[in-house]
Amino acid sequence: MIPAIARDRPIPMSRTVRKARGTAFILLAILATSLGMVALAALLLDVLRDGIGVLSLEFINSFPHYQAEKAGAKSALAGTLWVMSLTAVFAMVAGVGAAIYLEEFAVRNWFTRIVEININNLAGVPSVVYGLLGLAIFVYWMGLGRSVLAGALTLALLILPIIVVAAREGLRSVPPTIREAAMALGSTRWQAVRFQVLPAAMPTILTGFILALARAVGETAPLIAIGAFTTVLFVPTTPTDSFTVLPVQIYSWISKPLPEFRENAAAGIIVLLVVLMLMNAVAITLRNIYSRRSRW
Amino acid sequence: MANLIAEYSRNRRLRQRMREAPILAFLFMCALASIGTTVGIVIVLLEGALQFFREVPVFEFLTGTEWTPLFSNKQFGVLPLLSATVVISFAALAIAVPVGLLTAVYLSEYAPEGVRSIVKPVLEVLAGIPTVVLGYFAISFINPTIIKPLFSTETPFTALGAAMAMGVMLIPMVASLSEDAMRAVPASLREGAYAVGSDRFQVSVKVVVPAALSGIVAAALLALARAVGETMIVTIAAGSIANFSANPLEPMQTMTAYIAQVVFGDTERGGVEYQSVFAVGLLLFIFTLSINMLAQAVLARFREIYD
C-alpha cells in the first residue's frame, strides 16, 4: 500500500519538462518585450511613409490652406513656440516655488499633507478635464478669450504637478550640510536656498522640467477644449492673439475627409516628433553632464 | 556695548525677516496653486453639471441608453458613452497588462544589461509619443492592415482599433511601474527559492511576481485611469457616434471623445449641449479620481516592506 504522504505529493516534473517550460516562458517574455518595440517601429515607419513626401521647407513655412498640397505648418509651429514659452515661465516659477516651500520652509503638518495628496491626485486628472477648467476659468471667466495666454495657463496647470515632484526630488538630493554651512556663515534660510541649494539642484530640476514641457508640447485635448483655432493664417504676435499648435493642426488635418490631408497630418507628425526628440536630447545631455560631476 | 551689538543683530535679523516675508508669501501661494487647481476643477465641473441637471434629471442621465444631443430629439442617457469607455479601456488593458507584465518580468529577471539598456530607452520613447500620433497610427495602420483583414470590418473607425493603439500607449507605463516593483523584491527571496530547488521560471512567476503584486495591481489601476481619461486616440479612431454596444468591432463614442467633439465644434455657450460636457466631465473626473485613489490605497495597504 502507498503511504498517504507519497500519494498526495505531486508527481515530480521531469527535467526535460521543466526545461521546456522555462524556455517557452523566456520566448514568450521576449515576444512580449519585442511587441512594444515592433509597435513603435511600425508607427514610425507608417508616419514616415505617409509624410516624408510632403515634408519640405515649404511645408514648414506655409500657412494652412484649403488645398492640401499648399498647406503648411507655419502658424502651428509658431503657436507651439509661443504657448510653450509662456507655459515654461508659468510652470517653472509656480512649480519650483511650490517645491521650495514644501521642501525647505513648510512645517510637516496637515496642510502639507493635503498639498501632497492633492498633487498626487492632480497628476491623474485627465488632460481634457484641464481643458474644461481652462475654458471656464481662463477663456470665459477671466475673459482671456481663445488666446495664447489662456492656452499657456491651462498647460501650465497641467504640468505643474510633474514639475513640483521633479523639483522636490532635486532639492531633496542636496545634502542638509550645505544648508547648515550657509546658515552657519550667517545667511538666512532663503539666502541658503537661493544661492546654494537651488543652483545645486538645478540640473535635476531642469531635466524634469524639460520632460514635463515635452509632454505639454504633445498635448492636444486641453487646447482643443479651450478652442485653439484650426485655421490660423497668421503668426501670433501678442499673448492675446488666437493661435493653433502642432498637435491641434495635426488633428484638424486628420479629421478632414479628403485623403490628401492625411499626408499633411503625417508630415506634421514628423515635425512634432523631431521637436520632441530635440527636447529629450537636451534633457538627456543635461542629465549626463551633471551626473558625471558629483560635487559631494 | 554688548547690549548695542545684541540689539543691532536682533534688528538686522528682523529687517531681513521683513524683507523675506513677501518671498515666503509668494512661495506659499505657489504651493496653494495646486489646491486652487483642484478646487477650480471641482467648482467648474459641479457648476456646469448642476445647470445641466436642471434641464435633464440626474436619473435620466445615469440610466438612459440613448445619447443624441446633436439630433433634434435630444436624449441625454450617458450609458452609451459609459459602455464605450468601459469596452475600450478594458480591451486596451487586456493588451497592455499581459504584455507589459511579461516585459517587466523579462527586464527584471532575465534580460542581460546590454538588452536592458536598449529596451528601456525605446520604451521611454514609446511612452513619450503624443496621443494624437497614436490616434493617427490607429486609423492609418492598425485599422486597415490588422483589423480589416482579420475581422473583415467595413468601417474605418472601430473601438478595437482605438483600444489597440491605447494598449500600445499603456505598455511602457505598465512595464516600467511593474518592473520597479519587481526590482524592489530583495535578492534574498530569490536566493531562498533557488536554494530549495526552484528554477528560474518558478522564481519569476511564483516568488517575484507575487511579492511585487501590490505594485503590479497599482500599475494596472493607474493604466486603467489613464485609459479612461485618454481623449485623442478615441476621438480620432473610435468614431463619433454614441453606440450602446459591447461589440468592439463597431464604432463607438467614449465620454472623453464626446467632450472633445462638442468643444471642437463651436457649440453655443450656455446651451444644453455645452452644459452636458461638464456633466460628462464630472462623471469622468469622479471615475479617474476613484481609480487613482484606489491605486494609492493598494500601494499603501498591501506594500510589502523588505529591509
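Numbers restart at 1 for each chain; the letters A, B, ... are given by sequence-line order, proteins then strands. This structure is a prediction, so every number in the text was calculated from the model and none was measured.
With a 4.5 angstrom heavy-atom cutoff, A/A214 does not touch chain B via any of its atoms. Residue contact with chain B, scored on non-hydrogen atoms closer than 4.5 Å, involves the side chain of A/L160 exclusively. Both the backbone and the side chain of B/S34 come within less than 4.5 Å of a heavy atom in chain A. With a 4.5 angstrom heavy-atom cutoff, A/I284 does not touch chain B via any of its atoms. Using a 4.5 Å cut-off between heavy atoms, A/I224 touches chain B through backbone and side chain atoms alike. For B/V168, the part lying under 4.5 angstrom from a heavy atom of chain A is the side chain only. Only the side chain of B/Q296 comes within contact range of chain A, judged by heavy atoms closer than 4.5 Å. Contact of A/N280 with chain B is not made at all, since no heavy-atom distance falls under 4.5 Å. For a residue to count as touching a neighbouring chain, one of its non-hydrogen atoms must lie under 4.5 Å from one of that chain's; by this rule B/L126 touches chain A with backbone and side chain alike. Both the backbone and the side chain of A/V93 have a heavy atom closer than 4.5 Å to some heavy atom of chain B. Heavy-atom distances place no part of B/L101 under 4.5 Å from chain A, backbone and side chain included. Both the backbone and the side chain of A/A42 come within less than 4.5 Å of a heavy atom of chain B. Neither the backbone nor the side chain of A/R15 has a heavy atom closer than 4.5 Å to any heavy atom of chain B. Proximity to chain B is absent for every atom of A/R215, based on heavy atoms less than 4.5 angstrom apart. Only the side chain of A/L35 comes within contact range of chain B, judged by heavy atoms closer than 4.5 Å. Contacts between A/L272 and chain B at a heavy-atom distance below 4.5 Å involve the side chain alone, from C-beta outward. Neither the backbone nor the side chain of A/R194 comes within contact range of chain B; no heavy atom of the residue lies under 4.5 Å from a heavy atom of that chain. Heavy atoms closer than 4.5 Å to chain A are found in the side chain of B/V205, but not in its backbone.
By the 4.5 Å heavy-atom criterion applied to side chains, B/L284 and A/P126 are counted as neighbours. Counting heavy atoms from C-beta on, the side chains of B/V44 and A/L135 never come closer than 4.5 Å. You'll find the side chain of B/I41 reaches within 4.5 Å of the side chain of A/V125, heavy atoms only. You'll find the side chain of A/L276 stays beyond 4.5 Å of the side chain of B/I129, heavy atoms only. Within the 4.5 Å cutoff, the side chain of B/T231 has no heavy atoms near those of the A/T220 side chain. Two residues are said to be in side-chain contact when any heavy atoms from C-beta on lie closer than 4.5 Å; B/L32 and A/Y101 fail this criterion.
Across all their heavy atoms, A/G218 and B/P130 have their closest contact at O-CB, 3.6 Å. Shortest non-hydrogen contact noted between B/V132 and A/I254 is O-CD1, 4.1 Å. Shown here for A/A266 and B/Y136, the closest heavy-atom pair between the two residues is CB-OH, 3.5 Å. Smallest separation of non-hydrogen atoms from B/C30 and A/A94: CB-O, 3.4 Å.
The candidate with the highest count of non-hydrogen atom pairs below 4.5 Å against chain A, out of B/E47, B/M293, B/Q202, is B/Q202. For the set A/G268, A/G124, A/S127, the count of heavy-atom pairs under 4.5 angstrom toward chain B peaks at A/G124. Between chain B and the residues A/P247, A/G22, A/G36, A/A225, the most heavy-atom pairs under 4.5 angstrom are made by A/A225. The greatest number of non-hydrogen atom pairs below 4.5 Å with chain B, out of A/L44, A/N118, A/L133, A/I100, is found for A/N118. Your options are A/L132, A/L28, A/V129, and the one with the most heavy-atom pairs under 4.5 Å with chain B is A/L132. When each of B/A31, B/G128, B/A175 is scored by its heavy-atom pairs under 4.5 Å with chain A, the top score falls to B/A31. If you tally non-hydrogen atom pairs under 4.5 Å between each of A/R18, A/R262, A/R189 and chain B, the highest count goes to A/R18. In terms of heavy-atom pairs under 4.5 angstrom with chain A, the leader among B/T256, B/I236, B/I291, B/V105 is B/I236. Between chain B and the residues A/V47, A/L31, A/N120, the most heavy-atom pairs under 4.5 angstrom are made by A/N120. Put simply, of B/I118, B/L123, B/I139, B/V125, the one with the most heavy-atom pairs under 4.5 Å next to chain A is B/I139. The choice from B/L282, B/V119, B/I171 that makes the most heavy-atom pairs within less than 4.5 Å of chain A is B/V119.
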Check your understanding: Hey, mind stepping through B/F201 and A/I26 against side-chain contact (heavy atoms from CB on, under 4.5 Å) and telling me if it holds?
Key -> CA-CA 8 Å; B/F201 168 80; A/I26 294 182; over 6 Å; no

Review point. Hey, mind stepping through A/T33 and B/L102 against side-chain contact (heavy atoms from CB on, under 4.5 Å) and telling me if it holds?
Key: CA-CA 7 Å; A/T33 308; B/L102 278 169; over 6 Å; no

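Between B/D199 and A/K19, none of the side-chain N atoms (NZ, or NE/NH1/NH2) sits under 4.0 Å from a carboxylate O, so this pair counts as no salt bridge.
Taking non-hydrogen atoms and a 4.5 Å limit, the residue list of residues 103-112 of chain A in contact with chain B, ordered by number, reads A/F105, A/F111.
Atom CG of A/L211 is separated from atom CD of B/E124 by 8.0 Å, given to the nearest 0.5 angstrom. Rounded to the nearest 0.5 angstrom, A/D46 CG and B/T145 OG1 are separated by 7.5 Å. Note: B/S140 OG to A/L43 CG = 8.0 Å, rounded to the nearest 0.5 Å. Atom-to-atom distance recorded for A/E219:CD and B/M232:CE is 9.5 Å, nearest 0.5 angstrom. For the atom pair B/F264 CZ and A/S255 OG, the distance stands at 5.0 Å (nearest 0.5 Å). Note that CD of A/Q191 is 9.0 Å distant from CD1 of B/I23, once rounded to the nearest 0.5 Å.
For the ring pair (Phe, Tyr, Trp, His ring centres under 6.0 Å) test, residues two or more places apart in sequence or in another chain that qualify with B/Y258 are B/W67. Under the ring pair (Phe, Tyr, Trp, His ring centres under 6.0 Å) criterion, B/F278 pairs with B/Y274, not counting sequence neighbours. Shown here are the ring pair (Phe, Tyr, Trp, His ring centres under 6.0 Å) partners of B/F141, two or more places apart in sequence or in another chain: B/F137.
Ring planes of B/Y110 and A/F25: tilted class, angle from 30 to 60°.
A side chain to side chain contact (heavy atoms under 4.5 Å, CB included) with A/L122 holds for exactly one of B/I35, B/T38, B/N292; it is B/T38.
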